[in-house]
Every structure is written in C-alpha cells, then in structure tokens.
Amino acid sequence: MAYWVLRSEPDAYSWDDLVRDGATEWNGVRNYTARNFLKEMAVGDEALFYHSNTEKAAVGIMAVTRTWQPDGDDGKWASVAVKPVRPLAHPVTLAAIKAEPKFAELMMLKQSRLSVSKVEPDEWALLLKMAEG
DNA sequence: GCCAACGTTGGC
DNA sequence: GCCAACGTTGGC
C-alpha cells in the first residue's frame with residue numbers, strides 16, 4: 001500500500017468533477033518522473049487530490065482502481081484509473097503544509113512542479129490528521 | 001504579471 | 001554528450 005499526491009488545476013479537472021464522474025482516468029501526464037510513479041501504483045493505493053494554482057490545497061482522498069495502461073499514441077506515457085473515496089473535512093493548504101516542519105522532506109514540496117508525487121506513510125498520517133482533526 | 005525551478009530541445 | 005536557450009508550470 002502506497003500513498004501519493006495527484007495534482008490538477010481545478011479549472012481543468014477538479015475534485016467536484018471527479019465526484020460527479022464517480023471515477024476517472026488520470027491521464028495526460030507528460031513528465032517521466034510522474035509517469036514512473038503512475039506505473040508504480042497498485043490497486044488500493046490512496047492519493048490526495050491537490051488543487052494547484054487557484055486553490056493550492058489538498059481537498060480529497062482518492063483510491064487507485066486499476067494499474068497503469070498506455071496513454072497517448074506513442075506508448076511512452078501511462079495513466080491509471082482512480083475513484084473518489086471521501087472529501088477532506090478541512091482542506092490542507094499548501095501554506096499549512098509548508099508551515100509544518102515534519103513536511104520538510106515531502107516530495108511535493110521538494111519538487112514543486114511534479115504533478116504526481118509520493119507520500120511516505122508517516123507523512124500521510126499527518127496529512128490526514130491535519131485534514132480531519 | 002512576474003519570477004524561480006526545472007524539463008526539453010537543438011547546436012556544437 | 002554537453003550546455004545554453006527556451007518553454008512550461010506553479011506559486012507569490
């Protein structure tokens with residue numbers, strides 16, 4: 001069981017869109033590091049849905065429902081299927097994440113442009129605590 | 001709107 | 001294969 005952050009601009013595809021759709025194919029990732037993480041994902045892995053740009057906060061929890069399949073025509077890219085699990089009671093803002101010293105090593109902070117990043121179990125637990133506590 | 005970070009491209 | 005130039009992204 002692994003944990004991830006998946007980032008999207010809410011203007012392009014938001015948590016509400018995902019809830020409305022009931023599930024989605026997380027495609028369009030065109031970065032090799034991010035793609036490699038998509039290929040690592042297993043069914044049952046959980047991921048935070050992070051709204052970049054206008055909102056800058058994690059707003060919900062998703063689950064991976066199918067491992068990767070090719071995305072695009074050239075076979076270089078990958079996508080996975082996800083579904084919403086539940087919204088966060090309190091969205092965790094980027095500002096709150098940056099203010100917490102325990103997130104110093106959080107990949108999402110260290111590689112701020114990466115749209116798919118990994119979360120360690122202890123980091124995941126703390127994120128959920130902040131979201132639901 | 002600007003800037004920093006960083007990935008990609010193209011010339012050598 | 002290296003590196004400068006350029007484009008894109010995300011945060012401020």
Side-chain angles (χ1 to χ4, degrees):
Chain A
M1 173 91 169
Y3 302 101
W4 312 92
V5 175
L6 295 175
R7 174 160 59 207
S8 177
E9 295 189 25
D11 290 347
Y13 193 81
S14 70
W15 170 259
D16 287 344
D17 292 328
L18 177 61
V19 170
R20 180 200 63 210
D21 294 346
T24 200
E25 189 73 22
W26 202 272
N27 54 20
V29 172
R30 294 292 181 271
N31 169 285
Y32 286 104
T33 306
R35 180 209 61 182
N36 292 343
F37 284 142
L38 290 175
K39 288 189 169 186
E40 280 185 38
M41 290 183 187
V43 173
D45 280 5
E46 292 191 318
L48 281 175
F49 195 128
Y50 175 82
H51 280 167
S52 65
N53 206 277
T54 53
E55 190 174 350
K56 285 167 286 184
V59 295
I61 299 172
M62 300 179 275
V64 175
T65 58
R66 197 212 63 241
T67 53
W68 74 279
Q69 69 180 22
D71 179 33
D73 295 332
D74 54 13
K76 288 197 300 186
W77 306 107
S79 65
V80 298
V82 295
K83 68 174 181 186
V85 175
R86 64 178 184 275
L88 300 181
H90 309 289
V92 181
T93 64
L94 180 64
I97 292 170
K98 290 175 103 169
E100 170 52 66
K102 287 177 182 159
F103 290 136
E105 298 301 314
L106 190 67
M107 186 175 294
M108 187 190 149
L109 291 185
K110 299 196 101 176
Q111 284 194 247
S112 59
R113 287 180 53 197
L114 200 56
S115 64
V116 180
S117 64
K118 197 162 193 170
V119 180
E120 297 304 319
D122 58 329
E123 294 169 335
W124 181 265
L126 183 54
L127 283 163
L128 290 204
K129 192 177 166 192
M130 291 167 69
E132 295 173 347

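In what follows, chains are A, B, ... by sequence order, proteins preceding strands, each numbered from 1.
- No donor-acceptor contact under 3.5 angstrom links the side chains of A:Thr33 and A:Asn36, judged on distance only.
- Of the residues in residues 102-117 of chain A, those placing a heavy atom less than 4.0 Å from an atom of DNA chain B are A:Lys110, A:Gln111, A:Arg113, in numerical order.
- Between A:Trp124 and A:Tyr3, the ring planes are parallel. Angles under 30° get that label, and only those over 60° would be called perpendicular.
- Within a 6.0 Å sphere centred on NZ of A:Lys102, heavy atoms belonging to other residues, nucleotides or ligands number 12 at most.
- Annotation: A:Trp77 is in aromatic contact with A:Tyr32 [ring centroid separation under 6.0 Å].
- Among the candidates A:Val59, A:Leu88, A:Leu6, the single residue satisfying the side chain to side chain contact (heavy atoms under 4.5 Å, CB included) test with A:Leu48 is A:Leu88.
- For DNA chain B, the contact window with chain A, defined by any atom under 4.0 Å from a protein heavy atom, covers B:dA5 to B:dT8 in 5' to 3' order.
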Residues A:Glu123, A:Met107; criterion side-chain contact (heavy atoms from CB on, under 4.5 Å); working and verdict: CA-CA 10 Å; A:Glu123 294 169 335; A:Met107 186 175 294; over 6 Å; no
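- Ring geometry for A:Phe49 against A:Tyr13 counts as parallel: the plane angle stays under 30°, on a 0 to 90° scale with 60° as the upper cut.
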